[in-house]
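First the proteins, then the strands, lettered A, B, ... as listed; each starts at 1.
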Protein chains: 2
Amino acid sequence: MNTFARSSYISIKDIAKAAGVSHATVSRALQSSSLVKPETAQRIREIAQRFGYRPNFVGRSLATQRTQTIGVVVNAIADPIVAEMVSGVEAVARAHDYSVYLANCHADPETEMRVVQSFHERRVDGILVAASRVGALYEPIAAQMRTPIILINNQHPSSYKYSVNINSIPGSREAVGHLVALGHRDIAYIGDRFGYQTDLDRFSGYRQALELAGIAAREEWIVHGDGKLEGGTLAMRKLLDLPALPSAVFCYNDMTAIGALRVIHEHSLRVPQDISLAGFDDLFLASYTEPPLTTVRQPKHEMGRMATEILLRILAGEDSDARTEVKGELIVRASTAPPRA
Amino acid sequence: MNTFARSSYISIKDIAKAAGVSHATVSRALQSSSLVKPETAQRIREIAQRFGYRPNFVGRSLATQRTQTIGVVVNAIADPIVAEMVSGVEAVARAHDYSVYLANCHADPETEMRVVQSFHERRVDGILVAASRVGALYEPIAAQMRTPIILINNQHPSSYKYSVNINSIPGSREAVGHLVALGHRDIAYIGDRFGYQTDLDRFSGYRQALELAGIAAREEWIVHGDGKLEGGTLAMRKLLDLPALPSAVFCYNDMTAIGALRVIHEHSLRVPQDISLAGFDDLFLASYTEPPLTTVRQPKHEMGRMATEILLRILAGEDSDARTEVKGELIVRASTAPPRA
DNA sequence: ATGAAAGCGCTAACAG
DNA sequence: CTGTTAGCGCTTTCAT
């Protein structure tokens, strides 16, 4: 046994007794209700203070049917994009006196739904899911739980009522357009795994940019990594094994690009002199690679913030579809340059 | 108004009525208590299933005086070290059916304590604080709240009963010893801000290694950043402005080292040919800098895991001081080499 | 094996 | 302005 055994804490009843009032009056006084005589309220507050009273939110939650809590489910807590988003979520949540539950689902749709269920059992007021693999399938679930669910970067090919997504198409079109403008015509794409929505979008932007420039896409220059550094290295190796090398590579994301960069260096090729390289996301990291990476900035923190604000608005009783879309901003750095003549 | 208005959910009473039993029996059946006839239990579970019953943890928490929740307070969610630790925490928490609250305190001791208070009001079963600025001052607080608090990398110069800390001294001594072994005698140190415990320890390891080698420390080669990349750049600039340059630099952490690396490159100096560089932490990133960084590995994920296990053990009623200490492991990569002759 | 009843800490409707 | 009462959903004696 240790010193943390549960015994009962001081409750409003205790301070009611001490103040010679009913516990209801104490409750009112502590909520600064105008229904209680200022002097009484003051006295009660002093006693509470003296007793070291700390309200019990569990009791309150049971009475009010609200927990002032939101649940956030993510694919990988340590992923820098995710961490930034969560940071945005936490900031606005705390500013509004909400606490946030954080849980990992490892990109597994079943786990994702299990976590959502567990949040519901804890009666969170609302749920945020980043990079959901479930998407619009949540609509009936959310309705049944009577708990709003907001998606951030929905990865399921479905349009969900409440979501904050980055529209990657213009961003990647712009990035590839930038390569074209530099004079590149041999541009490869390293994607994520098949089927994820953002990968499809970024690939689509890539194709649009090529089409716009009247360049035919070449099958062998479209390869796939896994969205992580390792996948980028593997994919880039595949590219470098080809008889005909591209002069530029647009990557699904910065992590992929960093992996590719490494492999390019291993082959004693230089960026951007031999190969231009562009990514997507603008990780903190991207400005500190050698050379700094041209990329498309994804407003991670803001997206977390926005999603939380939408949720709070819904909880406040407003109802409006909120399919918010943000765009990426092209950031040109030193990893892209005109191709060699 | 929207569709998420609260009305009441199905409770054990509803299913009790439907099953023609008391709600106590339902409660028992749902907990698979042996006190209820198997057939009855089965029938109840089926009805619950059919009704789509979801237990309400708020009610349960009020009755059991436990929330199966732990609170985690960190300095910066998006800090890669923090994110890794939280990831370790979440993994073991979830494996034991605990949920985790995550909150940011921005390295401010007052906010840190406010968050701890707010966790207590929500009656979390236990609290984890990473890089606490409050340290042993929690002892009375935790006792009064009757809620265990575990510290991870306590930054307050005090020894706290329950903590998981990295002992940075041997690690940094080894890192600097490695530089000495390579033949360096002119070794600088870029620290964090003054007064943080880990900085003091790492500096101490640096000094010990120099002493061991009979090298006198030089004041002007001891400079301070802020633990972040920017601080590393500023500090390194200061170093490069000196009339006599060190041949090696040991940095408080990897982020500082990455900042330093950048400035060294800006000055057209090469690592490790002109200057050797070592960091601390072994961020994911550290193996992907140019050149890959020699550093001391901090077992971030494990530390989160260990702290949570200690907490769970305390919650299970065991009591034992648990000042766990982990050590860093020197990882030699390409950023360190013998000095030029 | 089951039910009745009390209680966890709080809010809120109602009565005065 | 304040007290009484009921109730939020659940667990847990105590009877039977």
Just checking, any donor-acceptor pair under 3.5 angstrom between side chains of A:Gln144 and A:Arg146?
no
With a cut-off of less than 4.0 Å, is there a side-chain N or O of B:Ser22 near OP1 or OP2 of C:dT2?
no
Give one of base, sugar-phosphate or nothing for B:Val21, where a contact means two heavy atoms less than 4.0 Å apart.
sugar-phosphate
Quick one about B:Ser132 and B:Gln155 (side-chain donor to acceptor, distance below 3.5 Å, no hydrogens or angles considered), yes or no?
no
From CD1 of A:Ile12 across to C1' of C:dG7 the rounded distance in Å is 14 Å
In this structure, how many angstroms lie between the C1' atom of D:dA6 and the NZ atom of A:Lys13, rounded?
13 Å
Please tell me which of the listed nucleotides, D:dT12, D:dG9, D:dT2, lies nearest to the side chain of B:Gln31?
D:dT12
Any side-chain N or O of A:Thr25 below 4.0 angstrom from OP1/OP2 of D:dG3?
yes
Result for 5'-nearest mapping on DNA chain D, choosing between B:Leu35 and B:Leu62, is B:Leu62
Whole-Å distance separating the CD1 atom of B:Ile44 from the C1' atom of D:dC10
15 Å
Between A:Ala24 and A:Pro38, just flag the one whose closest nucleotide in DNA chain D comes earlier from the 5' side.
A:Pro38
Tell me whether B:Arg133 is salt-bridged to B:Glu112, with the criterion being a basic N under 4.0 Å from an acidic carboxylate O.
no
Between D:dG9 atom C1' and A:Arg66 atom CZ, what is the distance in whole Å?
18 Å
side-chain N/O B:Gln65 vs D:dT11 OP1/OP2, d < 4.0 Å:
no
Atom-pair distance (CZ on B:Arg43; P on C:dA1), nearest Å:
15 Å
What is the separation between atom CZ on B:Arg28 and atom C1' on D:dC10, rounded to the nearest whole Å?
12 Å
How is B:Ser61 classified with respect to the nucleic acid when contacts are heavy atoms under 4.0 Å: base, sugar-phosphate, or nothing?
nothing
Strictly below 4.0 Å: does A:Arg60 bring a side-chain N or O up to OP1 or OP2 of C:dG9?
no
For B:Ser34, which contact category applies under a 4.0 Å heavy-atom criterion: base, sugar-phosphate, or nothing?
sugar-phosphate
Does B:Thr64 make a side-chain N or O approach to OP1 or OP2 of D:dC10 shorter than 4.0 Å?
no
Between P of C:dC10 and CD of A:Gln68, the distance in whole Å
16 Å
Answer with yes or no whether the side chains of A:Arg28 and A:Gln31 bring together a donor and an acceptor at under 3.5 Å.
no
Look at A:Ser27 and C:dC10 and indicate whether a side-chain polar atom (N or O) is within less than 4.0 Å of OP1 or OP2.
no
Counting only side-chain nitrogens and oxygens, does B:Tyr9 get under 4.0 Å of the OP1 or OP2 atom of D:dC10?
no
Check: D:dT4 base within 3.5 Å donor-acceptor of A:His23 side chain
no
When the distance from CZ of A:Arg146 to C1' of D:dC8 is rounded to whole Å, what number comes out?
14 Å
Do you see a donor-acceptor pair shorter than 3.5 Å between the side chains of A:Ser61 and A:Gln65?
no
Salt-bridge present (B:Glu309, B:Arg305; N to O < 4.0 Å)
yes
